[in-house]
Number of protein chains: 2
Amino acid sequence: MKHSLFIAFFLCLGSFASAQQLTSPDGNLSLEFMEQADGVPTYRLDYKGKPVLTSGRLGLLTEEADLTRGFKQTNLERASVDNYWNPVWGEYNRVRNHYNEMTVTLEQPETGRILNIRFRLFDDGLGFRYELPLQRKMNYLTVKDEVTEFNLTGNHKAFCIPGDYDTNEFAYTTAPLSEIAVDMEKRIAKKSYESKAEGGLTVQTPLMMKSEDGIYLNIHEAALVDYAGMLLNVDDKQFKLSAHLTPDKLGKKGYLQLPVLSPWRTVIVSDDARDILASQLIYNLNEPCQYEDTSWIRPMKFVGVWWEMFTGEGKTWAYSDFYQAKPGITDYTKLKPNGHHPANTAHVKEYIDFASAHGIDGILVEGWNEGWEDWASYRKDRQFLFNKAYPDFDVKELQRYAKEKGVQMVMHHETAANAADYERQLDEAFQFMVDNGYHAVKTGYVGYIIPRNEYHSSQWMNNHYIHVARRAADYKVMVNSHEAVRPTGLCRTYPNWLAQESARGGEFETMGGNDPDHTCILPFTRLKGGPMDYTPGIFETRLSYYNGEKPNERVHTTLVKQMALYMTMPSPIQMVADLPSNYARFPDAFRFIEDVAVDWDNSWYLEAEPGDYITVARKAKGEDEWFVGGITDENSRTATIPFSWLPEGKQYIATIYEDGKDADWDTNPQSYRIRKVVVTPKSVLKQKLAASGGVAISIKEADKAEMKGLKTIR
Amino acid sequence: MKHSLFIAFFLCLGSFASAQQLTSPDGNLSLEFMEQADGVPTYRLDYKGKPVLTSGRLGLLTEEADLTRGFKQTNLERASVDNYWNPVWGEYNRVRNHYNEMTVTLEQPETGRILNIRFRLFDDGLGFRYELPLQRKMNYLTVKDEVTEFNLTGNHKAFCIPGDYDTNEFAYTTAPLSEIAVDMEKRIAKKSYESKAEGGLTVQTPLMMKSEDGIYLNIHEAALVDYAGMLLNVDDKQFKLSAHLTPDKLGKKGYLQLPVLSPWRTVIVSDDARDILASQLIYNLNEPCQYEDTSWIRPMKFVGVWWEMFTGEGKTWAYSDFYQAKPGITDYTKLKPNGHHPANTAHVKEYIDFASAHGIDGILVEGWNEGWEDWASYRKDRQFLFNKAYPDFDVKELQRYAKEKGVQMVMHHETAANAADYERQLDEAFQFMVDNGYHAVKTGYVGYIIPRNEYHSSQWMNNHYIHVARRAADYKVMVNSHEAVRPTGLCRTYPNWLAQESARGGEFETMGGNDPDHTCILPFTRLKGGPMDYTPGIFETRLSYYNGEKPNERVHTTLVKQMALYMTMPSPIQMVADLPSNYARFPDAFRFIEDVAVDWDNSWYLEAEPGDYITVARKAKGEDEWFVGGITDENSRTATIPFSWLPEGKQYIATIYEDGKDADWDTNPQSYRIRKVVVTPKSVLKQKLAASGGVAISIKEADKAEMKGLKTIR
């Protein structure tokens, strides 16, 4: 386009009105975009006629250009989309993508610079992003700040963790916004790699809130690509939130070159908490799957040589004792093994035997490779070798044995947060996996990041995680990343990125414990970005950690709640986390974990209240099998479970795994009962859950003979 | 060792005297190590009975431990070594490694920490390093400072460039130390990626100096591995120098874990400047070759699609015009070619034809791969693709054609200093090279480094360059790195790392020019660390740069001096840098470049004075061919060239390429004459060199018929 035409084009559009409206397909949500004085762009959001976000600013401040003011609206485009897509795996086999869209073009008459803001309003919420199209007056940008505001209508109850550039592994605070600061400060995990956000009060996203009039709000971001991860600044007096981008350690919040598409800023809204859990908005705002062939991506359950290092008597990831091995070890054959290194061939075979006998797909082995003697140094250019096993771990023999037993080996790549060196070794590491029959990897990023100017959530690292997932796909390797930036739905685009940790997982039961309401919050927060490898299924709830006898170092649930987590914490890769010897003591209860699916045709959220309880039913993908899971917080409760989501005209046998009558997470966690009943789509089950208890139900079509003598739920 | 024994061991050694002496094998150099008050370790160095370095401090200051004071000497070990090794390539086919060694063990009684300092005294100079053996009271260290001092005896004449963390591409200052500050400030290149060292006055190493009483001193470092590059702080009043380690952008000067071996600090000393050039001290202090098979490492000459981008009429590395191509280009087939992109198949074939016709081994092509339209952004996560050629560069056809013509393709990997992304792509890049018949690569690091906390000379980057060289070796690829940290002799250890730039090379004749004495200094400074890809051989000395007509933008030598540079700037990879069309105009002179070797059995430095002149003779490796090269600075001179280094009992024909009688770099640079004479080992040639002129001589055994009518030099 010639420059003269270009200018004329905008002049003729210069008379647009400054306030623009957009409504959701069902009409419940409405958004207003408006330019304020000085050409400051703002927006507000209403739900069912009442404000949920009052007027808040939009814009981007960079070293090269101030894109927060001085704008005139010069164009507006609208679109409506209603289509479906099929996830490779997930809670649903078909997702509706239904929204109305409005794209506002803003120009600064003084500078000639152009900023587009694209809004998408779904029935379940809002997504918007900044778009900087190619233009003559801007090219390179260094981000100083994103000014996006989310201005709340009151002192909502928040479910939140502190804003931190490096970690998400915090216990949740549940409190009115005015009170979160004090509570969060108490709960900050004492982690060596904690990097609390600078400035005032901040929280991590997804941030879950509930207003006094019962509106549920979830604020997060979608499609975090080539951009800094977003925390939220919290004004706990005015109840205003604003974007807080993760800087690098040089203080820069992003390096951009046009064209730029920011991540989507997302606001999921409903007056029914179940809608928050069911929302697919964040996935809808991510790009479709980038891989042509996804046949090699297979959801799985796995056991692991892992839990015993947390609970066992001094068992270690390392092959030899720390002090003895300190000598920047290169030749492990000359080191004396410490005798308590579980990642050895014979012991791994026991796990393979167990997995094979119980139909568990895979086995993870941590501590198999050289480097653990001295791994969190932050001083080493090379920490781990990803193609060099300890002398007692026979890669080839285990490949042979696992194949013979029909079990998949899952590799572990702990990087000690040296992402730079991981990238150096990445091709070799993946080739080594392929050569030795591994098709899934658990990655880890414990510690401060190398390159040393980066945080776990800064821009370069966000690209790193994606690079690893994409490169893994070249080798048909599935990825389960721990300690990475919290997810933003990118597993739609890169579905071999099965799950992440990026929150306080089950392992923390051995490190201070997880509150009984922890897993009643995670599905409303962390899980909105994607599945979590929470590591459920701990049947032996009495723990000792490094010989400690601290009262909180035990599992804060009943045994049955651990089973229910397979339903309420959906993930295409689920650990069967306890020791085989513990499962052997509860074979009837373990049956549920053997049976439960990890991929689904459909899901129905039956009951939900953040921090209190969740009940969900799901149909296994491609199978006529259904499962129900319900959990509660520290309060026992009676769940009301309808079965109307079952196909009509049939009867079903439901095997109910329930807390024993006297069960209680604190006093009697391992009490459980298993009963079989007949259910129909008309049935409604009243089910008692113990304090921090649960219920897990597996359902199949009824065989007449099996039904005999069974009670039918009305 | 049990702890009690450990302590006893030191107690019994606690009575060592605090001053220790070490002398060089020939007795000319003597070193004294002494503990000063407060247990501060110091050293001094004498040459032929006179001090060259007065008492200077030694030590390392870290965040975790102060290793600069409070020491008691608890052990001393001495050793003498005299052996030989054979370089894979170089100026000599056999190098003597002859030194006396003294290792001082220092313990801090208060902390129990131990520091060893290992001194090696060769006939040609001193090397010493810090060694931190494994010990109980230290493990991880973060370097704050290295306090190593080099205290001079007077206001020496220095040949130096400014201390800079990112670049070495400066013109040299020649001045007494008291006057370098003002001169260097004037000469600082106006480069966008310049990062002048912080604090006071600093200079880069190798630093060449000459004392008033005629002692030549060269200070540098050897074996820079996993450590920050060293600049020198200059006290230009007291004439004291001290180590200035390159920090990262977080201000840390290194991250160490015990055991630690620092790079060697080197001081080459002689009263004969030729000894400085001939010194192999820095190579001797590097580790032996790490590769078992080196048969694939082959020194070479190469032409390149390169010089025309500096001198041509708007010719570009980029395939399409900048603005047009800016759109974060992904599909180059849809872009309009700009029509002045020399890296196209047809044009490259012309170079291949030329190389083939003239026996030049290889051809480098710059601008062959996607990304040049917009390459110095510092904002892109991915700048270049190293396996994707522009549409007009047919990789497969050129592979076929080059093979048919017997010419090796040399690849170019400009990284735009995004070392992180280069590492991401490294395996793919080298595999692509191997798959397409490339076995040598020129790497480039123009711009600010990504990871963004690093400088070109900071610790992480120093490891990066080594990583690239080692990984290249896995693919049997030779490396010629530009804009990397200046070398420290690591090409002994990794001999596929043939050469580096890391100084102001020939290309600067188009960017401000190189002073006539520039190449009379480089062999005394930059070249002490390893060969330089200076790109000699520019016959057409009148240049225009981007249509500029600036008086300095021409070659500051005579044509003959360009030929002599192949001898005075020895490198196993030498560019034949001018355009084929220019060589075609001077076929008789070009004959020397065709003939000259790049690898040597032996070398004899005949005359030398830093900044003034160099004359050197060499024997081609494995051939009965000898070559002589001589250059001078802006002053014409008469070189005195003995031939006593030729084997006795024979006569030889010498082809002398000399400056024409009226030659002068400024007024008549292209005047030259070629004459043949007979020489014997008794001959001494008086040879006139023009201002910034040279002489180049090729010598073969005399054939009687050829000798007929030739004058014999007496």
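Everything numeric here is computed off the predicted structure, so don't read it as measured data.
- Figure legend: A:R379 and B:W460 shown without cation-pi pairing, the cationic atom not lying both under 6.0 angstrom from the six-membered ring centre and within 45 degrees of its axis.
- Within the model, atoms CD of A:Q257 and CD of B:Q383 stand 7.0 Å from one another, a figure rounded to the nearest 0.5 Å.
- Heavy atoms of A:Q459 lying under 4.5 Å from chain B are absent altogether.
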In sequence, state the C-alpha distance, the side-chain angles, and the governing distance for A:Q425 and B:E423, and then conclude on side-chain contact (heavy atoms from CB on, under 4.5 Å). CA-CA 9 Å; A:Q425 297 188 60; B:E423 294 198 3; over 6 Å; no

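- With a threshold of 4.5 angstrom between heavy atoms, A:L426 does not approach chain B through any atom at all.
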Check step by step if side-chain contact (heavy atoms from CB on, under 4.5 Å) holds for B:L250 and A:R452. CA-CA 8 Å; B:L250 306 178; A:R452 294 187 174 84; 3.9 Å; yes

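- Put simply, NZ on A:K252 and OH on B:Y378 are 8.0 Å apart, with the number rounded to the nearest 0.5 Å.
- Looking at A:D226, the atoms closer than 4.5 Å to chain B (heavy atoms on both sides) all sit in the side chain, from C-beta outward.
- A side chain to side chain contact (heavy atoms under 4.5 Å, CB included) with B:D381 is found for one member of A:N463, A:I466, A:V225 and no other, namely A:N463.
- Ranked by heavy-atom pairs under 4.5 Å with chain A, the list B:K249, B:H467, B:H464 is led by B:H467.
- A distance of 9.5 Å separates CG of B:N453 from CD1 of A:I450, quoted to the nearest 0.5 Å.
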